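Worth saying up front: this structure is predicted, and the values here are computed from it rather than measured.
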Amino acid sequence: QVQLVESGGGLVQAGGSLRLSCAASGRTFTSYAMGWFRQAPGKERAFVTCISWNGGITNYADSVKGRFTISRDNAKNTVYLQMNSLKPEDTAVYYCAAYLAAYGCRVGGTYNYWGQGTQVTVSS
């Protein structure tokens, strides 16, 4: 089992940048593929990006390709989401998620473990 804690959210102007972090508990972080999802007000939670256990495979939603970058530091049990060129439509609660995976990462689908979320607000 793994516990996830996100941080790094906040208020930023359009065109700005933020970096989110997700710290995972436990000693088996490398057993998990990691993902970021977001939920805007009045909308369903949506897939943003994911990364395989060793960082070798990443996937992105079309809406964030070229602006967001996911990475992980297995020595620190942490996954990051670098968000550049932010737009007002990126405003949402961002969630970190994980599932056991020996290869690849899911674009959406079932993730078994979730953080509590961190708010990102982009002003125009």
Side-chain angles (χ1 to χ4, degrees):
Q1 192 166 355
V2 64
Q3 293 182 327
L4 306 172
V5 179
E6 303 97 334
S7 62
L11 174 64
V12 64
Q13 288 189 330
S17 297
L18 279 176
R19 189 176 81 155
L20 306 183
S21 299
C22 173
S25 65
R27 293 177 287 180
T28 58
F29 184 62
T30 53
S31 298
Y32 295 88
M34 304 296 297
W36 287 97
F37 292 73
R38 66 186 181 185
Q39 188 166 19
K43 296 187 177 181
E44 293 186 353
R45 188 161 56 191
F47 171 82
V48 176
T49 181
C50 66
I51 189 167
S52 61
W53 74 271
N54 63 352
I57 295 173
T58 59
N59 292 298
Y60 294 91
D62 288 344
S63 59
V64 306
K65 280 181 182 176
R67 299 188 299 122
F68 290 11
T69 302
I70 189 171
S71 62
R72 64 190 294 163
D73 185 337
N74 287 341
K76 295 183 178 179
N77 282 14
T78 302
V79 63
Y80 304 98
L81 181 62
Q82 179 67 44
M83 305 185 293
N84 298 328
S85 303
L86 282 161
K87 305 174 182 180
E89 51 264 44
D90 294 317
T91 294
V93 177
Y94 283 71
Y95 297 91
C96 176
Y99 72 97
L100 287 169
Y103 180 81
C105 67
R106 293 178 187 141
V107 176
T110 301
Y111 281 68
N112 302 107
Y113 305 100
W114 294 84
Q116 82 289 349
T118 186
Q119 176 71 46
V120 171
T121 302
V122 184
S123 63
S124 58

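Between Y32 and Y113, the ring planes are perpendicular. Angles over 60° get that label, and only those under 30° would be called parallel.
Cluster membership for F29 and L81, using ILVMFWY side-chain heavy atoms within less than 4.5 angstrom, is shared. Both L100 and V2 are members of a single hydrophobic cluster when ILVMFWY side chains are connected at heavy-atom separations under 4.5 Å.
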Under the salt bridge (charged side-chain N to carboxylate O under 4.0 Å, His left out) rule, what do D90 and K87 come out as? Steps first, then yes or no, please. CA-CA 5 Å; D90 294 317; K87 305 174 182 180; over 6 Å; no
Given the rule in the side-chain contact (heavy atoms from CB on, under 4.5 Å) test, do K76 and S21 qualify, once you have shown the distances and angles that lead to the verdict? CA-CA 11 Å; K76 295 183 178 179; S21 299; over 6 Å; no
Run the numbers on R106 and F47 for side-chain contact (heavy atoms from CB on, under 4.5 Å), then give the verdict. CA-CA 9 Å; R106 293 178 187 141; F47 171 82; over 6 Å; no
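Of the possible polar contacts, one joining the T91 side chain to the V122 backbone as a donor-acceptor pair under 3.5 Å is found. Judged purely by atom type and a 3.5 angstrom limit, E6 uses its side chain to pair as donor or acceptor with the backbone of G117. A donor-acceptor pair under 3.5 Å is absent between the side-chain atoms of S85 and the main chain of R67, judged by distance alone. The closest donor-acceptor contact from the side chain of R72 to the backbone of W53 lies under 3.5 Å.
Ring centers of Y111 and Y95: at least 6.0 Å apart, outside the cut-off.
For residues 70-117, every residue pair satisfying the disulfide (SG to SG under 2.5 Å) rule, not counting sequence neighbours, is listed here: C22-C96, C50-C105.
In terms of heavy-atom proximity, N54 sits nearest to N74 at CA-ND2, 4.3 Å. Across W36 and I70, no two heavy atoms sit closer than the pair CD1-CD1, 3.6 Å. The nearest pair of heavy atoms linking A92 to Q119 is O-NE2, 3.4 Å. G26 and N77 get closest at one heavy-atom pair: O-ND2, 2.7 Å.
If you run ring-ring contact (aromatic ring centres under 6.0 Å, His included) between W114 and each of Y94, Y99, F37, only F37 comes through.
Between M83 and L20 the shortest side-chain heavy-atom distance falls below 4.5 Å.
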